[in-house]
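Have a look at the structure below, then the notes.
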Amino acid sequence: MITTVEGVDRDHHPTLIDAMFRMRAAVFADRLGWDVSVLDGREIDRFDAQDPLYLLSVDDRTGALLGAVRLLPTMGPNMLRDVFPVLVPGGAPESPLIWESSRFAVNPAAFSAADRAEANHVVNRTTVELLCGIVEVCRRAGIEHIVSVFDARMSRIFRSIDCEFEIIGTPTRIGRTMTYAGVFDMSDEMRERLGAAGNLHAPVLVSQERSGRCDGAGASRQV
């Protein structure tokens with residue numbers, strides 16, 4: 001299931017949010033070797049202070065964090081515009097109908113004890129569940145597109161699960177990998193394709209009563 005937490009409300013979910021920041025350190029600093037700031041075992045950057053919306057994939061049985069992604073409006077500070085402008089020499093998209101996803105990660109601790117086949121299943125299902133959650137949030141909040149920065153590995157994953165995107169700007173080698181900026185259509189068709197890829201046809205977001213609100217496209221909406 002996917003739990004949504006706004007940045008301003010993260011103190012109400014201390015265990016999950018702490019697990020998310022620790023997971024980000026394990027994935028982006030330890031596993032991928034990105035140049036990110038880690039303090040006390042947690043990866044937190046300046047965009048976490050911009051009231052983002054976090055989507056957290058949580059194990060239905062244990063409550064453990066399986067993965068997470070962060071959403072930010074493109075009308076304010078965001079990673080594509082402020083960190084990776086080289087990818088969009090013509091300027092990054094800015095619209096209340098376009099949000100950015102970043103810090104997409106699956107928790108290594110969620111499958112570290114599983115065999116390889118089971119680990120791949122957990123990773124793939126969590127990846128698709130998070131993507132389904134992004135589409136569901138956007139459909140409910142009136143957000144039409146998501147823009148994101150991703151590498152060649154994620155590009156292959158997106159294609160393998162029929163998660164279509166349009167590359168914008170200029171793909172550039174950053175560090176050791178080709179890096180892209182892409183736009184994803186947040187449509188019912190996208191949700192159907194992802195649902196078919198992951199056998200996740202029912203909504204993945206927790207109920208409205210449990211998940212709180214999502215502010216999107218300039219309006220406060222329940223998710």
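For the side chain to side chain donor-acceptor pair (under 3.5 Å) with Y54, the lone residue among R10, E6, H13, R103 that qualifies is R10.
Separation of atoms CG (L71) and OG (S148) is listed at 9.5 Å; rounding is to 0.5 Å. To the nearest 0.5 Å, the span separating CD1 on I134 from CD1 on I143 amounts to 10.5 Å. Between the CD atom in E192 and the NE2 atom in H201 there is a gap of 10.0 Å [rounded to 0.5 Å]. To the nearest 0.5 angstrom, C138 atom SG is 10.0 Å from M190 atom CE.
Across A68 and L56, no two heavy atoms sit closer than the pair CB-CD2, 3.7 Å. Contact between L194 and C132 at its shortest, heavy atoms only, is CB-SG, 3.7 Å. For the pair V38 and A29, the tightest heavy-atom approach, listed with the atom from each and the gap, is CG2-CB, 3.6 Å. Shortest non-hydrogen contact noted between R70 and P52 is CG-CB, 3.5 Å. When all heavy atoms of C163 and L131 are compared, the pair lying nearest together is SG-CD1, 4.3 Å. Residues M23 and P108 approach most closely at CG-CD, 4.2 Å, considering heavy atoms.
Taking the six-membered ring wherever Trp is involved, the centroid distance between the rings of F184 and F158 falls below 6.0 Å. The aromatic ring centroids of F165 and F150 lie less than 6.0 Å from each other.
In this structure, S57 contributes its side chain and L66 its backbone to no donor-acceptor pair below 3.5 Å. Using a distance-only test at 3.5 Å, with no hydrogens or angles considered, no donor-acceptor pair links the side chain of D45 to the main chain of S37. T172 places a side-chain N or O within 3.5 Å of a backbone atom of T170 that can act as its donor or acceptor partner. With R42 contributing its side chain and D40 its backbone, the two residues share a donor-acceptor pair below 3.5 Å. Judged purely by atom type and a 3.5 angstrom limit, N78 uses its side chain to pair as donor or acceptor with the backbone of R81. Put simply, the side chain of R173 gets close to the backbone of R176: a donor and an acceptor are under 3.5 Å apart. Of the possible donor and acceptor atoms, none in the side chain of D59 sits under 3.5 Å from a partner among the backbone N and O of A64.
E166 CD: 12 or fewer foreign heavy atoms inside a 6.0 Å radius. Within a 6.0 Å sphere centred on CG of D35, other residues, nucleotides and ligands contribute 12 heavy atoms or fewer.
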- prompt: What's the verdict on side-chain contact (heavy atoms from CB on, under 4.5 Å) for R153 and T177, showing C-alpha distance, side-chain angles and the deciding distance?
  reply: CA-CA 9 Å; R153 177 184 61 88; T177 184; over 6 Å; no

- request: Run the numbers on R139 and V135 for side-chain contact (heavy atoms from CB on, under 4.5 Å), then give the verdict.
  value: CA-CA 6 Å; R139 296 300 293 160; V135 179; 3.9 Å; yes

task: Could you walk me through whether F104 and T127 pass side-chain contact (heavy atoms from CB on, under 4.5 Å), step by step?
output: CA-CA 9 Å; F104 189 110; T127 297; 4.0 Å; yes

task: List the steps, then state whether side-chain contact (heavy atoms from CB on, under 4.5 Å) holds for I44 with L39.
output: CA-CA 8 Å; I44 303 173; L39 181 64; over 6 Å; no

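S160 and R156 are not linked by any side-chain donor-acceptor pair at a separation below 3.5 angstrom, with hydrogens and angles left out of the test.
Looking at heavy atoms from C-beta onward, I17 lies out of side-chain contact with D11 at the 4.5 angstrom threshold. The closest side-chain heavy-atom distance from D185 to E164 is not below 4.5 Å. Put simply, the side chain of L205 reaches to within 4.5 Å of the side chain of R140, judged on heavy atoms.
A salt bridge links D48 with R24: the distance from a Lys NZ or Arg NE/NH1/NH2 to an Asp or Glu carboxylate oxygen falls below 4.0 Å.
Applying the 4.5 Å side-chain rule to ILVMFWY residues, one finds F47, L72, M79, L80, V83, V86, L87, V88, I98, V147, V149, I168, I174, V183 in the same cluster as F84.
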